[in-house]
K.L.:
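Here it is, the structure, as structure tokens.
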Amino acid sequence: MPDMDDLGEVMVERRRLIALAYRLLGTVEEAEDAVQETYLRWYRLSDDERAAIDNPSGWLSRVTSRVCLDVLKSARSRRERYVGPWLPEPVRPGFLAAPEDPADRATLDDTVSTALLVVLDAMTPAERVAFVLHDIFAVPFGDIAGVVGRSPAAVRQLAASARRRVAEQRDDVAPLPEHDDVVRAFVSATAGGDLGRLVTLLDPSVTLRSDGGRVSAARNPIAGPEKVARFLLGVLTKRPDWAIRTEATADGLGFTFVEDGAHRGVANLRVAGGRVTDVWIVLNPDKLARWS
């Protein structure tokens with residue numbers, strides 16, 4: 001049994017737990033808070049209670065998941081007080097993971113992509129926990145049942161329902177090379193103020209959502225190619241000191257707004273059929289601290 005009082009072992013587990021909690025909650029700050037609460041519960045146990053735990057790693061995962069489940073259940077009321085649309089915190093590629101195999105890295109990046117997290121955010125808390133624990137972290141259904149308070153059979157159904165919703169979102173998504181080519185063209189047209197070219201790169205059903213939190217952003221989703229294009233060009237017109245540049249994200253190539261070396265916004269795009277179908281822009285400074 002690992003010695004969880006050893007600092008090195010504790011930190012290895014902490015990194016893994018934050019990776020788990022981020023996929024459940026969508027922001028690094030909330031993930032870190034959930035893991036902190038988990039460790040507080042661990043160290044509140046008596047020496048005998050800790051010694052009786054055969055699998056400390058599994059215990060920490062279950063407690064972190066329960067803490068996150070409680071946060072998810074209260075998220076709806078908190079989101080109602082949030083100013084404008086809420087989006088998950090964007091992260092850089094390889095966030096909290098350093099697999100040796102590049103194929104593993106690509107798989108892990110996909111599990112922290114904005115595209116996936118937006119789908120997960122629309123699920124029930126129990127569905128989200130079942131999918132993340134089973135499909136991403138390979139936790140058995142029997143163990144998940146104890147976290148969500150359902151039978152293993154019910155958890156299996158939750159995970160299957162969630163998996164279908166994720167598959168629907170991924171059905172027509174462009175391969176990464178095509179995605180990146182479209183993003184480069186998109187950024188070039190935006191930086192150049194080319195409204196006509198930008199409109200041709202946007203799908204007729206395109207929707208833009210911007211998360212400002214405590215800074216100014218679009219309060220409602222913007223739909224339609226011309227409206228989205230004009231909004232983006234308007235952002236740069238109003239903020240001439242902002243530079244737009246392509247940058248790697250967990251979704252593939254995205255773009256950032258940068259001023260004096262500081263990131264003012266991070267955008268991810270969903271590309272399907274050679275055009276941009278979704279634009280997600282995070283302007284909330286609280287979600288950009290790890291970019292600057």
Side-chain angles (χ1 to χ4, degrees), residues 1-2 4 9-28 30-39 41-42 53-73 75 88-89 91-167 169-170 250-251:
M1 181 180 71
M4 291 306 297
E9 184 67 38
V10 167
M11 293 311 295
V12 169
E13 287 296 322
R14 181 179 183 278
R15 190 168 183 266
R16 182 184 63 79
L17 294 172
I18 291 176
L20 167 63
Y22 172 80
R23 288 163 173 84
L24 289 173
L25 300 176
T27 75
V28 178
E30 286 185 321
E32 290 176 339
D33 288 345
V35 173
Q36 178 69 14
E37 173 61 25
T38 298
Y39 277 114
R41 296 186 187 186
W42 171 262
I53 297 173
D54 292 331
N55 182 2
S57 178
W59 186 95
L60 291 168
S61 294
R62 288 192 296 275
V63 173
T64 297
S65 300
R66 291 191 192 108
V67 172
C68 290
L69 183 61
D70 289 341
V71 174
L72 288 171
K73 288 177 178 178
E89 179 176 342
V91 296
R92 296 181 184 277
F95 176 68
L96 288 176
E100 295 179 2
D101 187 343
D104 289 343
R105 168 66 65 83
T107 300
L108 287 167
D109 283 348
D110 182 58
T111 67
V112 294
S113 68
T114 300
L116 176 61
L117 291 174
V118 166
V119 175
L120 294 180
D121 200 54
M123 296 179 183
T124 67
E127 277 183 320
R128 184 168 186 168
V129 170
F131 176 83
V132 170
L133 288 181
H134 183 265
D135 284 44
I136 299 176
F137 287 87
V139 177
F141 288 124
D143 291 349
I144 302 172
V147 174
V148 298
R150 311 280 183 95
S151 68
V155 172
R156 186 183 296 274
Q157 291 180 340
L158 287 172
S161 173
R163 198 175 301 119
R164 284 193 296 270
R165 296 170 73 171
V166 171
Q169 178 271 326
R170 290 174 170 166
D251 291 76

K.L.:
Please list, chain by chain and in numerical order, all residues satisfying side chain to side chain donor-acceptor pair (under 3.5 Å) with Asp121, sequence neighbours excluded.
P.N.:
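Side chain to side chain donor-acceptor pair (under 3.5 Å) list for Asp121, sorted by chain: Arg79, Arg128.
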K.L.:
Scan residues 60-69 for pairs that pass side chain to side chain donor-acceptor pair (under 3.5 Å), counting only residues two or more places apart or in two chains.
P.N.:
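Side chain to side chain donor-acceptor pair (under 3.5 Å) check on residues 60-69 returns Arg16-Ser61, Thr38-Thr64.
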K.L.:
In a table with atom names and distances, give each donor-acceptor pair under 3.5 Å that connects a side chain of residues 147-159 to protein atoms at least two apart or in another chain.
P.N.:
from	atom 1	to	atom 2	distance (Å)
Ser151	OG	Ala154	N	3.1

K.L.:
Please report the closest heavy-atom contact between Arg165 and Ala122, naming both atoms and the distance.
P.N.:
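For Arg165 versus Ala122, the nearest heavy atoms are NH2-O, 3.0 Å.
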K.L.:
Can you confirm whether Gln36 sits close enough to Arg14 that some side-chain heavy atom of one is under 4.5 Å from a side-chain heavy atom of the other?
P.N.:
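Of all side-chain heavy-atom pairs linking Arg14 with Gln36, none is under 4.5 Å.
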K.L.:
Is there side-chain contact between Arg170 and Leu116, with heavy atoms separated by less than 4.5 Å?
P.N.:
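SC-SC contact between Arg170 and Leu116 confirmed.
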K.L.:
Write down the atom of Glu13, the atom of Tyr39, and the distance for their closest heavy-atom approach.
P.N.:
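Heavy atoms only, the tightest pair is CB-OH, 3.4 Å.
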K.L.:
Could you list all the salt bridge (Lys or Arg N to Asp or Glu O under 4.0 Å) pairs where at least one residue sits in residues 129-141, not counting sequence neighbours?
P.N.:
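Salt bridge (Lys or Arg N to Asp or Glu O under 4.0 Å) check on residues 129-141 returns Asp135-Arg163.
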K.L.:
Might you point out which heavy atoms bring Leu20 and Phe137 nearest each other, and give the distance in Å?
P.N.:
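Smallest heavy-atom distance, with atoms named: CA-CZ, 3.5 Å.
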K.L.:
Check Ile18 against Glu32 and note the closest heavy-atom contact, atom names and distance.
P.N.:
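Scanning both residues completely, I find the closest heavy atoms to be CD1-CG, 3.9 Å.
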K.L.:
What's the shortest heavy-atom distance between Leu69 and Pro125, and which atoms?
P.N.:
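Looks like CD1-CB, 3.7 Å.
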K.L.:
Return a table of donor-acceptor pairs under 3.5 angstrom between the side chains of residues 138-146 and protein atoms on other chains or two or more places apart.
P.N.:
none

K.L.:
Residues in side-chain contact (heavy atoms from CB on, under 4.5 Å) with Arg41, at least two apart?
P.N.:
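Residues passing side-chain contact (heavy atoms from CB on, under 4.5 Å) with Arg41: Glu37, Arg44, Trp59, Val63, Val67.
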K.L.:
CG/Leu117 to CG/Leu25 distance, rounded to the nearest 0.5 angstrom?
P.N.:
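Rounded to the nearest 0.5 Å, the CG-CG separation comes to 10.5 Å.
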K.L.:
Supply the atom-to-atom distance Leu17 CG to Ser57 OG, rounded to the nearest 0.5 angstrom.
P.N.:
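Leu17 CG to Ser57 OG: 7.0 Å, rounded to 0.5 Å.
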K.L.:
Check whether any side-chain heavy atom of Trp42 lies under 4.5 Å from a side-chain heavy atom of Ile53, and answer yes or no.
P.N.:
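The answer is yes, as the side chains (C-beta and beyond) meet within the 4.5 Å cut-off.
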